[in-house]
Amino acid sequence: MGRNKFSQKEVDEIGILLKKKNAGNRLQQKEIRHILRTKYEFNISDFNEPGKAFGYEELQEAVKRRAIYILDDATITDMKAKRERDKQRDAERETAEAIEKGEQTDWKKAMKEWEEWQSNNPD
């Protein structure tokens, strides 16, 4: 699931992309859906009715029914920063668990060992 809270500017940009998506060919639609997911964390499937196209009008309807909330820019910026910190923390935890289980190499430790070896074994 993606976000359901956006700034007005983001909703306007998403609306433009949805108009382009519905007017585009399959490849263009795929590219626009990718942009929506990666740049805006906007997943059409979170808001549409299955089997129905999702475009600008459906976006506006989702805002009206409060499936999508419009918040001020500062709140959205803070929210994005928190999401990024949470993603980084989760990734670090997953890496630490994988290293502990022996599923992954601790590349930082390996790099430090390599640098020590290199400094002790000059050419």
Side-chain angles (χ1 to χ4, degrees):
M1 179 160 175
R3 294 170 37 205
N4 69 340
K5 297 172 184 156
F6 301 91
S7 68
Q8 183 61 56
K9 181 181 180 219
E10 288 176 317
V11 169
D12 294 342
E13 291 170 356
I14 290 168
I16 290 167
L17 287 169
L18 288 171
K19 286 179 182 178
K20 288 180 180 179
K21 178 189 75 74
N22 288 346
N25 63 34
R26 255 178 93 84
L27 182 61
Q28 292 165 330
Q29 291 175 357
K30 187 175 183 177
E31 184 179 340
I32 290 170
R33 285 192 304 270
H34 175 73
I35 292 167
L36 290 170
R37 283 190 304 269
T38 57
K39 182 176 179 183
Y40 298 98
E41 297 180 71
F42 182 89
N43 296 323
I44 290 172
S45 61
D46 292 343
F47 306 106
N48 78 326
E49 295 177 34
K52 224 178 164 188
F54 191 87
Y56 180 81
E57 292 79 22
E58 290 77 14
L59 174 68
Q60 298 309 313
E61 185 56 38
V63 171
K64 281 183 191 172
R65 72 174 189 266
R66 303 203 41 102
I68 294 175
Y69 296 95
I70 297 178
L71 305 175
D72 63 277
D73 291 337
T75 302
I76 295 298
T77 300
D78 291 344
M79 184 184 74
K80 285 180 179 179
K82 182 186 181 311
R83 274 178 86 103
E84 194 56 41
R85 286 191 308 269
D86 291 348
K87 283 181 187 178
Q88 185 175 355
R89 180 202 61 219
D90 293 346
E92 288 171 359
R93 186 185 69 236
E94 288 173 12
T95 299
E97 288 174 1
I99 290 169
E100 189 176 301
K101 292 178 183 177
E103 298 169 349
Q104 184 174 332
T105 301
D106 185 347
W107 64 268
K108 290 179 183 177
K109 181 181 174 190
M111 189 65 177
K112 184 177 180 182
E113 290 172 357
W114 171 252
E115 288 170 351
E116 287 174 4
W117 181 86
Q118 270 192 321
S119 66
N120 293 328
N121 296 294
D123 289 334

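Because the structure is a prediction, the values reported are computed rather than measured.
Separation of atoms CD1 (Ile16) and CD1 (Ile32) is listed at 11.5 Å; rounding is to 0.5 Å. Rounding to the nearest 0.5 Å gives a distance of 7.5 Å between CG of Asp12 and CD1 of Ile70.
The shortest side-chain heavy-atom distance between Met79 and Arg3 falls under the 4.5 Å cut-off. Looking at Lys21 and Glu31, their side chains never come closer than 4.5 Å, going by heavy atoms from C-beta outward. Using a 4.5 Å cut-off on side-chain heavy atoms (C-beta onward), Phe6 and Leu71 make no contact. For the pair Ile99/Thr105, no side-chain contact is recorded, criterion being any heavy-atom separation below 4.5 Å from C-beta on. Arg89 is not listed as a side-chain neighbour of Glu84, based on a closest heavy-atom distance of 4.5 Å or more. The shortest distance between side-chain heavy atoms of Glu113 and Trp117 does not fall below 4.5 Å.
Tyr40 and Tyr56 fall into different hydrophobic clusters, defined by Ile, Leu, Val, Met, Phe, Trp and Tyr side-chain heavy atoms under 4.5 Å apart, directly or through other members. Taken together through direct or relayed side-chain contacts under 4.5 Å among Ile, Leu, Val, Met, Phe, Trp and Tyr, Ile35 and Ile76 form parts of separate hydrophobic clusters.
A salt bridge links Asp90 and Arg93; the closest N-O separation between the charged side-chain nitrogens and carboxylate oxygens is under 4.0 Å. For the pair Arg83 and Glu41, the salt-bridge criterion is met [side-chain N within less than 4.0 Å of a carboxylate O]. A salt bridge does not link Glu92 with Lys87: every distance from a Lys NZ or Arg NE/NH1/NH2 to an Asp or Glu carboxylate oxygen is 4.0 Å or more.
Using modelled atom types and a 3.5 Å distance limit, the side chains of Glu116 and Asn120 yield no donor-acceptor pair.
By the 30° and 60° cut-offs, the orientation of the rings of Phe42 relative to Phe47 is parallel.
A side-chain contact (heavy atoms from CB on, under 4.5 Å) with Asp46 is found for exactly one of Asn48, Asn43, Ile44, namely Asn43.
Side chain of Gln29 to main chain of Gly24: a donor-acceptor pair is present (N/O by atom type, distance under 3.5 Å, no hydrogens or angles).
When every heavy atom of Asp73 is checked against every heavy atom of Ser7, the shortest pair comes out as OD1-CB, 3.1 Å.
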